[in-house]
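Okay, structure first, notes after.
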There are 2 protein chains.
Amino acid sequence: MPKDRAPTRIQQKNRAAILDAALEVFSAQGFRGATVDQIATVAGLSKPNLLYYFPSKEAIHNAVLSQLLDTWLDPLRALDPAGDPLEEILAYVQRKLEMSRDYPRESRLFANEIVQGAPRIHDVLSTDLRALVDEKVVVIKAWSDAGRIAPVHPYHLIFSIWSLTQHYADFEVQVRAVLGDEDPFAATPEFMETLYRRLLAPN
Amino acid sequence: MPKDRAPTRIQQKNRAAILDAALEVFSAQGFRGATVDQIATVAGLSKPNLLYYFPSKEAIHNAVLSQLLDTWLDPLRALDPAGDPLEEILAYVQRKLEMSRDYPRESRLFANEIVQGAPRIHDVLSTDLRALVDEKVVVIKAWSDAGRIAPVHPYHLIFSIWSLTQHYADFEVQVRAVLGDEDPFAATPEFMETLYRRLLAPN
DNA sequence: GTATGATTTGACCAAACGGTCAAACGCACG
DNA sequence: CGTGCGTTTGACCGTTTGGTCAAATCATAC
């Protein structure tokens, strides 16, 4: 490993290639299912060369995961307490749906990790994630109490958004197997909007 | 391996113990993450002894999976075209929710398999599962066309039921991390009923 | 151009893994 | 109570895997 000076161009390029390859392989095979050789091959490097940039398989996994965690929660962070309640929630749903469509590997990486008990990110879930959700739950509850959206359990509302949107990335093969040729994302945005409009419309 | 006579009591007991142990380990670690030794230990057997009952790790996995596939689709099969539309769908949702609560290992086993591309059950998905869904979609569309439930995309309705209910099993650690001490299944049935009543109520 | 540090690699290692096998053990039945 | 078949296991094998290392190669600054 080089000194901790400013990274060279080669370092930048190779580290980026490794992280992308790791995302590809880990999301498709899970942590234990992935091999360092696979990641190295996808990244266009030899195995010892890859291990020159990251000290271990677990270090690569950690790097991919922590790089992702931030951006993954951005759509929820953007929920604006000052905005129109229904439109804010609908916009959040659409943002999450776009992420499932445009970044399915990232979604599946998390899915793999969480289905298997989140051994490596459990801490982040019960601290950062929980704090963020708690914060937004207060906002939603205020909207609900004020009658600006229909009364609804705010935690389960958020869970429903996560599960509905990520389903199209995490269970993509199943969705495709059932839909056949039809594009899984063709009718989905409209379905989501209908669902949440009917669920949340005041009165 | 013994002859293909009627299985002895020892065979029955050990095969059942192996299948249960395999469900435990595969659902928590995935196929590649699980080891034959782990399964043997959980089943209370030695590794060679386990391999006396099943020829390979993959054979165990297949056995667990195919034993499960049938019962897993029972809730959808039970959707009765002659019943009251809204009540039928609500009952289906509750059945699926009960399965997530009572058989989370089974749910996570499928989740693991499908997230990783369903390499071992892809055929069943695009034949048996697809046929069953197609059949029920016709029923739902008829209800919808007759105005007995609100108009809704029937495929996405079914996907939504799958994802919402299985979320509480597959992503249990995340749900628990966010909810803290609160029982994940306490408010869930009511949330589901509210959601689908508002989505599907006619007019 | 050459010295210096960054980068790359072939060869290698120890542990873990799926699976085999012959021998030992145990249980039921005559 | 002994014989035969079902059952169990310790020892073992070949392969895969994560990781190491010394030597070779490359890039760059002087």
Side-chain angles (χ1 to χ4, degrees), chain A residues 1-65 112-113 116 119-120, chain B residues 1-65 112-113 116 119-120:
Chain A
M1 269 215 287
K3 307 288 181 184
D4 49 5
R5 307 228 186 89
T8 68
R9 272 167 307 173
I10 295 179
Q11 277 172 43
Q12 288 184 342
K13 187 189 61 146
N14 281 349
R15 291 183 79 96
I18 291 169
L19 289 178
D20 187 73
L23 175 61
E24 181 76 22
V25 177
F26 280 136
S27 68
Q29 316 267 140
F31 179 76
R32 288 212 53 185
T35 73
V36 177
D37 255 323
Q38 276 181 312
I39 300 173
T41 300
V42 173
L45 302 172
S46 66
K47 184 171 67 166
N49 198 9
L50 181 147
L51 289 167
Y52 168 75
Y53 290 99
F54 289 89
S56 70
K57 181 183 176 182
E58 188 148 0
I60 305 174
H61 194 250
N62 285 343
V64 178
L65 223 40
N112 263 302
E113 180 69 9
Q116 298 189 7
R120 282 164 265 270
Chain B
M1 271 217 284
K3 308 289 182 181
D4 50 4
R5 306 227 187 91
T8 68
R9 272 167 306 174
I10 295 179
Q11 277 173 41
Q12 289 184 341
K13 187 189 61 149
N14 280 349
R15 291 183 79 96
I18 291 169
L19 289 178
D20 187 75
L23 175 61
E24 182 77 22
V25 176
F26 281 136
S27 68
Q29 317 268 139
F31 179 76
R32 287 210 56 185
T35 73
V36 177
D37 255 322
Q38 276 181 313
I39 300 173
T41 300
V42 173
L45 302 172
S46 66
K47 183 171 68 166
N49 197 10
L50 180 147
L51 289 167
Y52 168 74
Y53 290 98
F54 289 89
S56 69
K57 180 184 177 181
E58 187 148 2
I60 305 174
H61 195 249
N62 285 343
V64 177
L65 223 42
N112 263 302
E113 182 69 9
Q116 299 189 6
R120 280 164 266 270

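In what follows, chains are A, B, ... by sequence order, proteins preceding strands, each numbered from 1. Note that this is a predicted model, so its numbers are computed, not measured.
With rounding to whole Å, A:Lys57 atom NZ is found 4 Å from D:dG18 atom P. Separating the CD atom of A:Gln29 from the P atom of D:dT17 is a distance of 10 Å, rounded to the nearest angstrom. A straight line from OH of B:Tyr52 to P of C:dC25 spans 17 Å, rounded to a whole angstrom. Going from atom CZ of A:Phe54 over to atom P of D:dG18 covers 16 Å, rounded to whole Å. Rounded to whole angstrom, the span from the NZ atom of A:Lys13 across to the C1' atom of C:dT8 amounts to 12 Å. Remark: C1' of D:dT20 and CG of A:Leu51 are 9 Å apart, rounded to the nearest angstrom. Rounded to a whole Å, the CD atom of A:Glu58 is 12 Å from the P atom of D:dG18. We find that CG of B:Leu50 is positioned 13 Å from C1' of D:dT7, with the value rounded to whole Å.
Near DNA chain C, meaning a heavy atom under 4.0 Å away, the residues from residues 33-48 of chain B are B:Ala34, B:Thr35, B:Val36, B:Lys47, B:Pro48. For DNA chain C, no neighbouring residue in residues 20-28 of chain A is found when judged by any heavy atom under 4.0 Å.
Proximity of a side-chain donor or acceptor of A:Gln38 to a complementary backbone N or O of A:Thr35 within less than 3.5 Å is detected. Remark: side-chain polar atoms of B:Lys47 are not paired, donor with acceptor, to backbone N or O of B:Ile39 under 3.5 angstrom.
To the nearest 0.5 Å, atom OG of residue B:Ser56 and atom CG of residue B:Asn62 are 7.5 Å apart. Residue A:Asn14 holds its CG atom at 5.0 Å from CG of A:Leu45, rounded to the nearest 0.5 Å.
Closest of all the heavy-atom pairs between B:Ala22 and B:Val64 is CB-CG2, 3.6 Å.
Between A:Glu113 and A:Pro119, some side-chain heavy-atom pair lies under the 4.5 Å cut-off. Between A:Ile60 and A:Leu50 there is a side-chain heavy-atom pair separated by less than 4.5 Å. Counting heavy atoms from C-beta outward, B:Tyr53 and B:Ile10 have side chains that approach closer than 4.5 Å.
Minimum atom distance to the side chain of A:Asn49 is reached by C:dT8, of the listed D:dG19, D:dT9, C:dT8. Counting only heavy atoms from C-beta on, B:Gln11 has its side chain closest to D:dG6 among C:dC17, D:dG6, C:dT8. Set against C:dA28, D:dG19, C:dT7, the side chain of B:Arg9 has C:dA28 as its closest nucleotide.
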Pair up each side-chain donor or acceptor in residues 23-32 of chain B with any protein partner under 3.5 Å, not counting sequence neighbours, and list the distances.
| residue | atom | partner | partner atom | Å |
| --- | --- | --- | --- | --- |
| B:Glu24 | OE1 | B:Arg105 | NH1 | 2.6 |
| B:Ser27 | OG | B:Leu23 | O | 2.7 |
| B:Ser27 | OG | B:Glu24 | O | 3.1 |
| B:Arg32 | NH1 | A:Gly33 | O | 2.8 |

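Listed pair A:Arg32 / C:dA16 fails the phosphate criterion, with no side-chain N or O lying under 4.0 Å from OP1 or OP2. Here B:Asn14 reaches the OP1 or OP2 of D:dT8: one of its side-chain N or O atoms lies under 4.0 Å away. Contact between the side-chain N/O atoms of A:Tyr53 and the OP1/OP2 oxygens of C:dA6 is not found at any separation under 4.0 Å.
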> Can B:Leu19 and B:Phe54 be said to form a side-chain contact (heavy atoms from CB on, under 4.5 Å), step by step?
Replying inline: CA-CA 10 Å; B:Leu19 289 178; B:Phe54 289 89; 3.9 Å; yes

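In terms of position along DNA chain C, the nucleotide closest to B:Ser56 lies nearer the 5' end than the nucleotide closest to the other residue of the pair B:Ile10 and B:Ser56.
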